[in-house]
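Every number for a ligand or one of its atoms is a count from 1 in the order of the listing.
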Amino acid sequence: MITLSEFVYAKQHEFSSATGELSALLSSIATAARFINREITKAGLSDILGFNESSNVQGEAQTKLDVLANERVKKALLSRGEVAGIASEEDDDVVIFEGGRAETSKYVVLIDPLDGSSNIDVNVSVGTIFSIYRRVTPIGQPISKIDFLQPGNKQVAAGYVLYGSSTILVYTTGQGVHAFTYEPALGMFCLSNESMKFPTKGSTYSINEGNYLKFPSGVKQYMKYCQEIDTATSRPYNSRYIGSLVADFHRNLLKGGIFMYPNTASYPQGKLRLLYECNPIAFIAEQAGAKATDGFQSVLTIVPTSLHERSPFFVGNDHMVETLMDFLSLPTT
Ligand SMILES: O=P(O)(O)OC[C@H]1O[C@](O)(COP(=O)(O)O)[C@@H](O)[C@@H]1O
Ligand SMILES: [Mg+2]
Ligand SMILES: [Mg+2]
């Protein structure tokens, strides 16, 4: 068995310019994931379920696990020297680390500490999502919000942890997508899938059908296309929706498929957050040979203007995303 740190260090030595900082950062995220995993696996026995008496900048009620996971990830990243600051779904503004880090540390990290919050109390898979950038502010000057508002194609690494029947950490640094399964007896993440690729064909579509009447007509037409009977193209496709982005995406990464969260009447810009949900998942998807778009362009090319901005998000097998984009480009009926 190869552990995460062994694998990351071996990969690091493939690059003469590598300093080990990114490797160290990845292992601190794994440390935070181990703590969060412990809380999740015994959640029913502790008072960690339910809501906190607080809401985040997006006006969403925070669950106790949202808050705990946020604190855990921040603590793990703060304990390292590589990180100058972080931005989180659960914090209104960027958190700039002190002690000279803001001026000297190389990386900034954006996180969704607990993804799929609506599934926590019902024991359905949830996740943690992370996105890592190099600072743009020159060393010596303190970082600021601009260091976080970079387009997704500037990410140096991204990944997620899926707390499901087993706990898996999946990441990319632009050199392929690799997965590590948590081995409780060792207390470590061990390599379980190297250089992952989407299967060539997908036949699962994933969308909250309850919002059907609020969807753009192109999405409605594509859903009809998915439901038509045509064995030659493996249709009708299966419909699967867990309601945790990480879990829905991970299923499609393994089995093929498309995940869609369009703009709707309730979320005119889409629901998912560009910087710490769409971009990290899109980086992994494109590294695994799939496509990730807002319906018109790769989300990785979008230049963000605000920390918690949202975007329509469609990610999955090329052939499925392209067919969807064809429907989206039709004149609206
Ligand atoms: O309940 P809906 O509207 O289908 O939304 C589900 C989506 O919202 C999310 O739960 C949003 O993420 P958070 O739980 O991190 O806020 C995604 O994981 C999921 O894909
Ligand atoms: Mg989320
Ligand atoms: Mg969240």
Backbone or side chain, does Glu89 get an N/O/S atom under 2.8 Å to the Mg ion (ligand 2)?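 Looking at Glu89, which is the residue asked about, there is no N, O or S atom under 2.8 Å from the Mg ion (ligand 2).
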
At a 4.0 Å threshold, what atoms of ligand 1 neighbour a non-hydrogen atom of [X]?
X: Asp112; value: 15 (O)
X: Gly116; value: 10 (O), 12 (O), 13 (P), 14 (O), 15 (O), 18 (O)
X: Glu277; value: 11 (C), 12 (O), 13 (P), 15 (O)
X: Glu89; value: 13 (P), 15 (O), 16 (O)

Any N or O on [X] sitting closer than 3.5 Å to an N or O of ligand 1?
X: Asn211; value: no
X: Ser244; value: no
X: Phe259; value: no

What protein heavy atom is closest to [atom], reported as residue, atom name and distance in Å?
atom: atom 3 (O) of ligand 1; result: Tyr261 OH, 2.6 Å
atom: atom 6 (C) of ligand 1; result: Tyr241 OH, 3.4 Å
atom: atom 19 (C) of ligand 1; result: Gly243 O, 3.3 Å

For Phe189, which of Tyr171, Tyr182, Phe180 qualifies under ring pair (Phe, Tyr, Trp, His ring centres under 6.0 Å)? Tyr182

What pair of heavy atoms forms the shortest contact from Leu300 to Ala282, and how long is it? CD2-CB, 3.8 Å

For atom 20 (O) of ligand 1, which of Val246, Leu245, Val126 has the closest heavy atom? Leu245

Identity of the nearest option to atom 2 (P) of ligand 1, non-hydrogen atoms only, from Lys271, Glu90, Glu209, Gln58: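 It is Lys271 whose heavy atom sits nearest to atom 2 (P) of ligand 1.
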
Is the number of heavy atoms from other residues, nucleotides or ligands under 6.0 Å of Ile229 CD1 greater than 12?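 It does not: Ile229 CD1 has 12 such atoms or fewer within range.
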
Are side-chain heavy atoms of [X] and [Y] found at a separation under 4.5 Å?
X: Ile242; Y: Arg251; answer: yes
X: Leu274; Y: Ile302; answer: yes
X: Phe35; Y: Leu68; answer: no

Test ring pair (Phe, Tyr, Trp, His ring centres under 6.0 Å) on Tyr133 and Phe148 and set out the steps. CA-CA 8 Å; Tyr133 292 86; Phe148 296 86; 8.5 Å; no

Taking only non-hydrogen atoms of Ser118, do any sit less than 4.0 angstrom from ligand 1?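 Distance cut 4.0 Å: Ser118 fails for ligand 1.
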
Any heavy atom of Leu114 sitting closer than 4.0 Å to ligand 1?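 Contact check Leu114 vs ligand 1: positive.
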
So, Asp112 and the Mg ion (ligand 3): N/O/S under 2.8 Å, yes or no?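 Coordinating: yes.
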
Is there an N/O/S atom in Leu114 that lies less than 2.8 Å from the Mg ion (ligand 3)?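 Yes.
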
Full working for salt bridge (charged side-chain N to carboxylate O under 4.0 Å, His left out) between Arg135 and Asp147: CA-CA 5 Å; Arg135 62 186 294 146; Asp147 295 276; 5.1 Å; no

May I have the angle between Glu277 OE2 and Asp115 OD1 with its vertex at the Mg ion (ligand 2), rounded to 10°?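 That angle is 120°.
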
Mind running salt bridge (charged side-chain N to carboxylate O under 4.0 Å, His left out) on Arg273 and Glu89 for me, showing each step along the way? CA-CA 8 Å; Arg273 283 51 62 113; Glu89 175 192 0; 3.1 Å; yes

One pair to check against side chain to side chain contact (heavy atoms under 4.5 Å, CB included): Tyr225 and Thr323. What are the steps and the verdict? CA-CA 9 Å; Tyr225 169 88; Thr323 308; 3.9 Å; yes

Would you please test Glu82 and Lys106 for salt bridge (charged side-chain N to carboxylate O under 4.0 Å, His left out) and show each step? CA-CA 6 Å; Glu82 305 80 25; Lys106 204 179 192 175; over 6 Å; no

Side chain, backbone, both or neither: which applies to Asn208 and ligand 1 if a contact is any heavy-atom pair less than 4.0 Å apart? side chain

Can you measure from CD1 (Ile48) to NZ (Lys64) and round to the nearest 0.5 angstrom?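 Reported to 0.5 Å precision, the distance equals 7.0 Å.
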
